[in-house]
Amino acid sequence: MLKKNARPVNSPKKLKRIIFLLGPTAIGKSAAAILLAEKINAEIISCDSMQVYRKMDILTSKVAARERKKVRHHLLGIIDPGREYNVAQYRQAALSLCDKLFKKGKIPLFTGGTGLYYSVIVDGLFPAVPEDKLLRAKLEKQLSAKGNDYLYRRLAKVDPPAAKKIHPHDSRRIIRALEVYLTAGEPISALQKSRVGLGKEFQIKIFGLNTDRQALYNIIDQRVEKMFTAGVINEVKRLRKQKLSRTASRAIGVPEIAGFLAGKYPLDEAKRLIQRNSRHYAKRQLTWFRKDKRIKWINIKEKDNPAEIAKRIYKQL
RNA sequence: GCCGAGAUAGCUCAGUGGUAGAGCGCGGCCCUGAAAAGGCCGGCGUGGGGGGUCCGAUUCCCUCUCUCGGCA
């Protein structure tokens, strides 16, 4: 169990390179990543919590199959949307892929916008307190029965530092903190201190794509328009024939289109909501990445095409 | 041209003789096993222009401009 957190590496003679290409949704990471990967003999590892799901290609703007032929992509469409997926699984899969790529002499190029997934690769995950479904269900039941105040006070008793850090309304984190305490017997605030990231044997370069806010929002709005002409409605209809995991069911576009399909509002409203929620999401992504001072920002002007972006990154390698 | 209604935040609008709020939008932030999730914070304003009454006007009065209805 504890081994999960140790870095499984083969002994290197030289530094192993890992490159990250991050940024808000719709900024153009995927296209640039392919061109960059071709230049430097890299393979792409998706760093995206929703693109891991199958059957959600339009919803998550997955790179088209023919593009994928140019450069190998990993962790894209690997699990059924009926199943749960989480950071720990992602980390394990991504790190073992890195090892495989190194053996082949390839550079892993992480591309995506899920801040947490990025951070557990670079900075690690605290050891081995996996989610406990039964316990969690029990805590969730208590939450709805007694309110989050009750759970929050309980947490404050066993783990004051965690309680101080977590807002009383943030029930999801309260539950996880309690879950960790109850299963490990140690407070999460203590465990979180031991975190093992990528070691010194790696040479890491981290790039972030950004542009001015209004331009970004325009790109997002346009992308959503395209999703509709590409047939998201049908994709969601097909998707909803099965029971979706909690995670997959929250992908932007699924609840919004479900509302339209249920007749709660017209199509335009569904579109508007998806655009707005995507903008909010992009904003949150930027907040997350902005504080990470290791990121080298590449500022995009409207006229920059993917090749231009790839070139600019290449120069800074 | 006449009559009526209105002009307040980016938008839609509320309210008050003591310099102003709500929703949406927008901005900032937090984040360690659901993360495209979840949570927190912020009013961002020459109250259409000018004049008057008043200790004091966004609020009352006059006037101008504009918008929307109706009548010509």
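Letters A, B, ... mirror the listed sequences (proteins, then strands); counts begin at 1.
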**Q** Closer than 3.5 angstrom, by distance alone: can the side chain of Lys55(A) be matched with the main-chain N or O of Glu235(A) as a donor-acceptor pair?
**A**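 Side chain of Lys55(A) to backbone of Glu235(A): no pair is present.
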
**Q** Report the residue (Arg176(A) or Gln51(A)) whose heavy-atom-nearest nucleotide on RNA chain B is the more 5′ of the two.
**A**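 Looking at the nearest nucleotide for each, Arg176(A) comes out on the 5' side.
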
**Q** How far, in whole Å, is C62(B) from G27(B) if one measures between their C1' atoms?
**A**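 The same atom, C1', in both gives a distance of 42 Å.
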
**Q** Are His169(A) and G39(B) close enough that a side-chain N or O sits under 4.0 Å from OP1 or OP2?
**A**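 Checking G39(B) against His169(A), no side-chain N or O comes under 4.0 Å of OP1 or OP2.
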
**Q** From G33(B), G39(B), A35(B), pick the nucleotide closest to the side chain of Val87(A)?
**A**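 Nucleotide nearest to Val87(A)'s side chain: G33(B).
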
**Q** Main chain of Arg246(A), side chain of Glu84(A): is a donor-acceptor contact present, judged purely on distance under 3.5 Å?
**A**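 Present.
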
**Q** Take His167(A) and Val180(A), find for each the nucleotide of RNA chain B with the closest heavy atom, and name the residue whose nucleotide sits nearer the 5' end.
**A**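 On the 5' side of the pair lies Val180(A).
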
**Q** Select base, sugar-phosphate, or nothing to describe what Tyr85(A) touches, counting heavy atoms under 4.0 Å on all strands.
**A**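 Touches sugar-phosphate only.
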
**Q** So does Leu15(A) get a backbone contact from the side chain of Glu201(A), meaning a donor-acceptor N/O pair under 3.5 Å?
**A**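 Flag not set: sc Glu201(A) to bb Leu15(A) has no pair under 3.5 Å.
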
**Q** Would you indicate, yes or no, if C31(B) has its OP1 or OP2 atom less than 4.0 angstrom from a side-chain nitrogen or oxygen of Arg172(A)?
**A**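 Answer no for this pair, as no side-chain N or O of Arg172(A) is under 4.0 Å from OP1 or OP2.
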
**Q** Mind pulling the stems RNA chain B is in, i.e. runs of at least three Watson-Crick or G-U pairs, everything under 3.5 Å?
**A**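 The stems that RNA chain B takes part in, listed by first number, are B:1-7 with B:65-71, B:10-13 with B:21-24, B:26-30 with B:38-42, B:48-52 with B:60-64.
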
**Q** Return the value, rounded to whole Å, for the distance between atom CH2 of Trp288(A) and atom P of C30(B).
**A**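 From Trp288(A) CH2 to C30(B) P: 10 Å.
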
**Q** Determine the contact category for Glu256(A): base if any of its heavy atoms lies under 4.0 Å from a base atom, sugar-phosphate if only primed atoms, P, OP1 or OP2 are that close, otherwise nothing.
**A**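 It contacts nothing in the nucleic acid.
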
**Q** Side-chain donor or acceptor of Arg173(A) under 3.5 Å from a matching atom on the base of A35(B)?
**A**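 Counting by modelled atom types and ignoring angles, a donor-acceptor contact under 3.5 Å is found here.
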
**Q** Which pairs, with at least one residue in residues 139-152 of chain A and sequence neighbours excluded, count as a side chain to side chain donor-acceptor pair (under 3.5 Å)?
**A**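 Qualifying pairs, neighbours excluded: Gln142(A)-Arg154(A).
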
**Q** For U58(B) and C66(B), measure between their P atoms and round to the nearest Å.
**A**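 24 Å, rounded to whole Å.
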
**Q** Could you tell me the separation between the CZ atom of Phe126(A) and the C1' atom of C31(B), rounded to a whole number of Å?
**A**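 Between C1' of C31(B) and CZ of Phe126(A): 13 Å.
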
**Q** Using the side chain to side chain donor-acceptor pair (under 3.5 Å) rule, pick out the option among Asn218(A), Asp212(A), Thr211(A) that qualifies with Gln214(A).
**A**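 Going through Asn218(A), Asp212(A), Thr211(A) one by one, the side chain to side chain donor-acceptor pair (under 3.5 Å) with Gln214(A) is satisfied by Asn218(A) alone.
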
**Q** With a 4.0 Å cutoff (strictly under), does any side-chain N or O of Arg136(A) reach OP1 or OP2 of A34(B)?
**A**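 Yes.
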
**Q** Give one of base, sugar-phosphate or nothing for Asn277(A), where a contact means two heavy atoms less than 4.0 Å apart.
**A**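 It contacts nothing in the nucleic acid.
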
**Q** Consider salt bridge (Lys or Arg N to Asp or Glu O under 4.0 Å). Of Arg290(A), Arg294(A), Lys296(A), which one does Asp292(A) pass it with?
**A**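 In the set Arg290(A), Arg294(A), Lys296(A), the residue that makes a salt bridge (Lys or Arg N to Asp or Glu O under 4.0 Å) with Asp292(A) is Arg294(A).
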
**Q** Would you say the ring centers of Tyr118(A) and Phe110(A) fall short of 6.0 Å from each other?
**A**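 Aromatic pair excluded; centres sit 6.0 Å or further apart.
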
**Q** Is a side-chain N or O of Arg91(A) found less than 3.5 angstrom from the main chain of Val120(A), in a donor-acceptor match?
**A**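 It does hold such a pair.
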
**Q** Over all strands shown, is Thr60(A) touching base, sugar-phosphate only, or nothing at heavy-atom distances under 4.0 angstrom?
**A**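 The residue Thr60(A) makes base contact.
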
**Q** What is the distance from CD of Glu140(A) to P of A34(B), rounded to the nearest Å?
**A**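 Nearest whole value for this atom pair: 10 Å.
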
**Q** Mark yes or no for whether Asp80(A), through its side chain, and Arg54(A), through its backbone, hold a donor-acceptor pair below 3.5 Å.
**A**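 No; zero donor-acceptor contacts below 3.5 Å.
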
**Q** Distance under 6.0 Å and angle within 45° of the ring axis: does Lys271(A) meet both against Phe228(A)?
**A**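 Yes, cation above the ring, under 6.0 Å and within 45°.
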
**Q** Across the strands shown, which category fits Leu191(A) at heavy-atom distances under 4.0 angstrom: base, sugar-phosphate, nothing?
**A**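 Nothing, no nucleic acid heavy atom in range.
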
**Q** Using the P atom as the point on both nucleotides, what is the distance between C44(B) and C30(B), in whole Å?
**A**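 Result for the P pair: 22 Å, nearest Å.
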
**Q** On a whole-Å scale, what distance lies between the P atoms belonging to U12(B) and C41(B)?
**A**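 Result for the P pair: 28 Å, nearest Å.
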
**Q** Would you say Ser171(A) reaches G39(B)'s phosphate, i.e. side-chain N/O to OP1/OP2 under 4.0 Å?
**A**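 For G39(B), OP1/OP2 do not have a side-chain N/O of Ser171(A) under 4.0 Å.
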
**Q** Is it the case that atom NZ in Lys205(A) sees more than 12 heavy atoms from other parts of the structure closer than 6.0 Å?
**A**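 Check passes, neighbour count above 12.
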
**Q** Encode nucleotides 22-28 of chain B as B, S and - characters from 5' to 3', where the letter depends on protein heavy atoms closer than 4.0 Å: B to the base, S only to sugar-phosphate, - to neither.
**A** --SSSBB

**Q** U32(B) P sits how many Å from Gln89(A) CD, rounded?
**A**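 Rounding to the nearest Å, CD of Gln89(A) and P of U32(B) are 18 Å apart.
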
**Q** Determine the Euclidean distance between corresponding P atoms of G51(B) and G70(B); express it in Å to zero decimal places.
**A**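 It comes out at 36 Å once rounded to the nearest Å.
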
**Q** For the pair made of CZ in Arg246(A) and P in G33(B), what is the distance, rounded to whole Å?
**A**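 From Arg246(A) CZ to G33(B) P: 13 Å.
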
**Q** In whole Å, measure the gap between the P atoms of G42(B) and G17(B) for me.
**A**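 Result for the P pair: 28 Å, nearest Å.
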
**Q** When all nucleic acid strands are considered with a 4.0 Å heavy-atom cut-off, which category describes Val120(A): base, sugar-phosphate, or nothing?
**A**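 Answer is nothing: Val120(A) stays at 4.0 Å or more from every strand.
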
**Q** Check whether any side-chain nitrogen or oxygen of Lys165(A) sits under 4.0 Å from OP1 or OP2 of G39(B), and answer yes or no.
**A**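 No, no such contact exists.
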
**Q** In whole Å, what separates the P atom of G56(B) from that of U19(B)?
**A**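 About 15 Å, rounded to a whole number of Å.
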
**Q** With side chains defined as the heavy atoms from C-beta onward, is the minimum distance between Asn41(A) and Lys106(A) less than 4.5 Å?
**A**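 Touching, per the 4.5 Å side-chain cut-off.
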
**Q** Taking atom P of C40(B) as reference, at what distance in whole Å does atom OH of Tyr152(A) sit?
**A**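 Atom-to-atom, Tyr152(A) to C40(B), this comes out as 13 Å.
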
**Q** Rounded to the Å, how far apart are Asn86(A) CG and G38(B) P?
**A**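 The distance from CG of Asn86(A) to P of G38(B) comes to 17 Å, rounded to the nearest Å.
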
**Q** Can you tell me how far P of A37(B) sits from CD1 of Ile166(A), to the nearest Å?
**A**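 These atoms are roughly 19 Å apart.
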
**Q** When you compare U16(B) with A7(B), how far apart are their P atoms, in angstrom units rounded to a whole number?
**A**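 Looking at atom P only, U16(B) and A7(B) are 13 Å apart.
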
